[in-house]
Amino acid sequence: MADIGYYLIEENGGWRYVIDSERSASFSSRQEAEDAARSAAMRRSEREDQLEEGLEDTFPASDPVSVTRPR
């Protein structure tokens, strides 16, 4: 699993996390922001792993890679 980094910032009386220069919504506590950041980083890491797997499974091919989620 890829390691997705994030950091927390205190802004306007609330807390936000930042992943790849994208700021989250504001949270009332640092702990809430930390928990949300870990969850978001895990989801992003899983998506990157799925994409990597899709690339490996379809290489070489002329069709674009499509990441789908099982229902």
Side-chain angles (χ1 to χ4, degrees):
M1 189 175 274
D3 186 27
I4 305 297
Y6 63 87
Y7 61 93
L8 302 176
I9 57 173
E10 188 174 15
E11 185 175 76
N12 299 325
W15 288 89
R16 298 176 186 264
Y17 65 83
V18 180
I19 298 176
D20 291 336
S21 301
E22 295 179 26
R23 291 180 178 193
S24 71
S26 184
F27 295 90
S28 59
S29 73
R30 180 181 172 88
Q31 187 60 50
E32 287 177 323
E34 180 82 29
D35 293 343
R38 285 187 188 136
S39 179
M42 184 178 295
R43 286 190 311 273
R44 187 172 290 208
S45 177
E46 288 171 355
R47 283 193 308 265
E48 287 184 6
D49 290 346
Q50 288 174 347
L51 179 59
E52 185 64 32
E53 185 178 324
L55 287 170
E56 290 172 2
D57 290 347
T58 59
F59 184 81
S62 59
D63 296 334
V65 174
S66 174
V67 176
T68 58
R69 292 188 175 164
R71 291 183 178 233

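Reckoned from all heavy atoms, side chains included, excluding hydrogens, waters and symmetry mates. All residue numbers refer to positions in the sequence shown, counting from 1.
The side-chain heavy atoms of Gln31 and Asp35, taken from C-beta on, include a pair separated by under 4.5 Å.
Summarising the geometry, atom CD belonging to Glu46 is positioned 10.5 Å from atom CD1 belonging to Ile4; distances are rounded to the nearest 0.5 Å. One finds the CZ atom of Arg16 at 5.0 Å from the OG atom of Ser26 (value rounded to the nearest 0.5 Å). Atoms OG and CZ, from Ser45 and Arg38 in turn, are 14.5 Å apart once rounded to the nearest 0.5 Å.
Residue-environment remark: CD (Glu53) stays at or below the threshold of 12 foreign heavy atoms within 6.0 Å.
In this view, Arg30 and Leu8, Trp15 satisfy the side chain to side chain contact (heavy atoms under 4.5 Å, CB included) rule, not counting sequence neighbours. Remark: Glu52 engages no residue in a salt bridge (Lys or Arg N to Asp or Glu O under 4.0 Å) (not counting sequence neighbours).
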Discussion item. Checking Asp20 against Arg44 for the side-chain contact (heavy atoms from CB on, under 4.5 Å) test, could you report, in this order, the C-alpha distance in whole Å, the side-chain angles of both residues, the deciding distance, and whether it holds?
Written reply: CA-CA 11 Å; Asp20 291 336; Arg44 187 172 290 208; 2.8 Å; yes

Discussion item. Before you tell me yes or no, could you show the steps for Arg47 and Arg43 under side-chain contact (heavy atoms from CB on, under 4.5 Å), namely the whole-Å CA-CA distance, both residues' side-chain angles and the distance that decides it to 0.1 Å?
Written reply: CA-CA 6 Å; Arg47 283 193 308 265; Arg43 286 190 311 273; 4.1 Å; yes

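Residue Ile19 comes nearest to Ala41 through the heavy atom pair CD1-N, 3.9 Å, listed as atom of the first residue, atom of the second, then distance. When all heavy atoms of Ala33 and Tyr17 are compared, the closest pair comes out as O-CD2, 3.7 Å.
Neither side chain, Glu22 nor Tyr6, offers a donor N or O lying under 3.5 Å from an acceptor on the other.
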